[in-house]
Amino acid sequence: MSDEVTIYFNPQCSKCRLTLDLLESRGEKPEIVEYLESPPDAATLESLLDMLGLEPRDLMRTFEKEYAEAGLGNPGLSRAELIDAMISYPRLIQRPIVVKNGKAAIGRPPEKIIDIL
């Protein structure tokens, strides 16, 4: 496994900025993925979901307007359909997500990432 750290980051998000500050204060030099500009593909989202132990809807920001507009509250949607929605509407992805050594954590609050470092 790699010691490299990756953060899925939105520069407008205060929790993202605080999480990045926390990583840097611990001597980490993370790869920063601005996921709104470069959304993760389906395989990456599958991997993140596996590492987080979550289902797609658990990783979604369900209060965003895109969630309602796209009808994503429909319980009949498949895992693949929900993942495709996160690719189409990356604002729906919870943030920040930090990955290290095959483990991932959502930095809400930022201190939640410490366990994977």
query: Is there side-chain contact between Leu45 and Ile93, with at least one heavy-atom pair below 4.5 Å?
result: yes
field: Counterpart residues, side chain to side chain donor-acceptor pair (under 3.5 Å), relative to Arg91 (two or more places apart)
entry: Glu64, Glu66
- request: Could you check Ile106 against Leu54 for side-chain contact (heavy atoms from CB on, under 4.5 Å), going step by step and ending with a plain yes or no?
  value: CA-CA 11 Å; Ile106 298 172; Leu54 298 176; 4.0 Å; yes
message: My understanding is that only residues two or more places apart in sequence, or in another chain, count here; which of them pass side chain to side chain contact (heavy atoms under 4.5 Å, CB included) with Pro110?
response: Lys15, Leu18, Thr19, Leu22
- prompt: Do Asn101 and Asp3 come within less than 4.5 Å of each other through their side chains, counting heavy atoms only?
  reply: yes
Between side-chain atoms of residues 36-43 and protein atoms elsewhere (two or more places apart, or another chain), which donor-acceptor pairs fall under 3.5 Å?
residue, atom, partner, partner atom, Å
Asp41, OD1, Ala43, N, 3.3
Asp41, OD1, Thr44, N, 2.8
Asp41, OD1, Thr44, OG1, 2.7

- prompt: Who passes side chain to side chain donor-acceptor pair (under 3.5 Å) against Tyr67, sequence neighbours left out?
  reply: Arg57
statement: d(Met60 CE, Leu92 CG) to nearest 0.5 Å is 4.5 Å
- request: Please report the shortest heavy-atom distance between Ile116 and Ala105, naming the atom on each side.
  value: CD1-N, 3.9 Å
- prompt: Could you give all pairs that pass the side chain to side chain donor-acceptor pair (under 3.5 Å) test and reach residues 68-90, with sequence neighbours left out?
  reply: Glu46-Arg79, Glu55-Arg79, Ser78-Glu81
- prompt: Considering only heavy atoms from C-beta outward, does the side chain of Val5 approach that of Val98 to under 4.5 Å?
  reply: yes
task: Work out which heavy atom in Leu20 is nearest to a heavy atom in Pro30; give both atom names and the distance.
output: CD1-CG, 3.5 Å
- prompt: Testing Thr6, Leu59, Ile7, Ile113 for side-chain contact (heavy atoms from CB on, under 4.5 Å) with Ile97, which one passes?
  reply: Leu59
- request: Would you check if Leu52 and Asp58 make a side-chain contact, meaning some heavy-atom pair closer than 4.5 Å?
  value: no
- prompt: How far does CG of Leu48 sit from CE of Met86, to the nearest 0.5 angstrom?
  reply: 9.0 Å
field: Listed once per pair and sorted, the side chain to side chain donor-acceptor pair (under 3.5 Å) pairs that draw on residues 105-117, sequence neighbours left out
entry: none
message: Can you confirm whether Cys16 sits close enough to Phe9 that some side-chain heavy atom of one is under 4.5 Å from a side-chain heavy atom of the other?
response: yes
task: Give a yes or no on whether Met51 and Leu117 share a hydrophobic cluster (residues Ile, Leu, Val, Met, Phe, Trp, Tyr; joining criterion: side-chain heavy atoms under 4.5 Å apart).
output: no
task: Grab the two heavy atoms, one from Tyr8 and one from Tyr35, that are nearest each other, plus how far apart they are.
output: C-CD2, 3.8 Å
- request: Indicate yes or no: at least one non-hydrogen side-chain atom of Arg61 is less than 4.5 angstrom from one of Gln94.
  value: yes
- request: Sort and list the pairs that fulfil salt bridge (charged side-chain N to carboxylate O under 4.0 Å, His left out) and have at least one residue in residues 20-29, not counting sequence neighbours.
  value: Glu28-Lys100
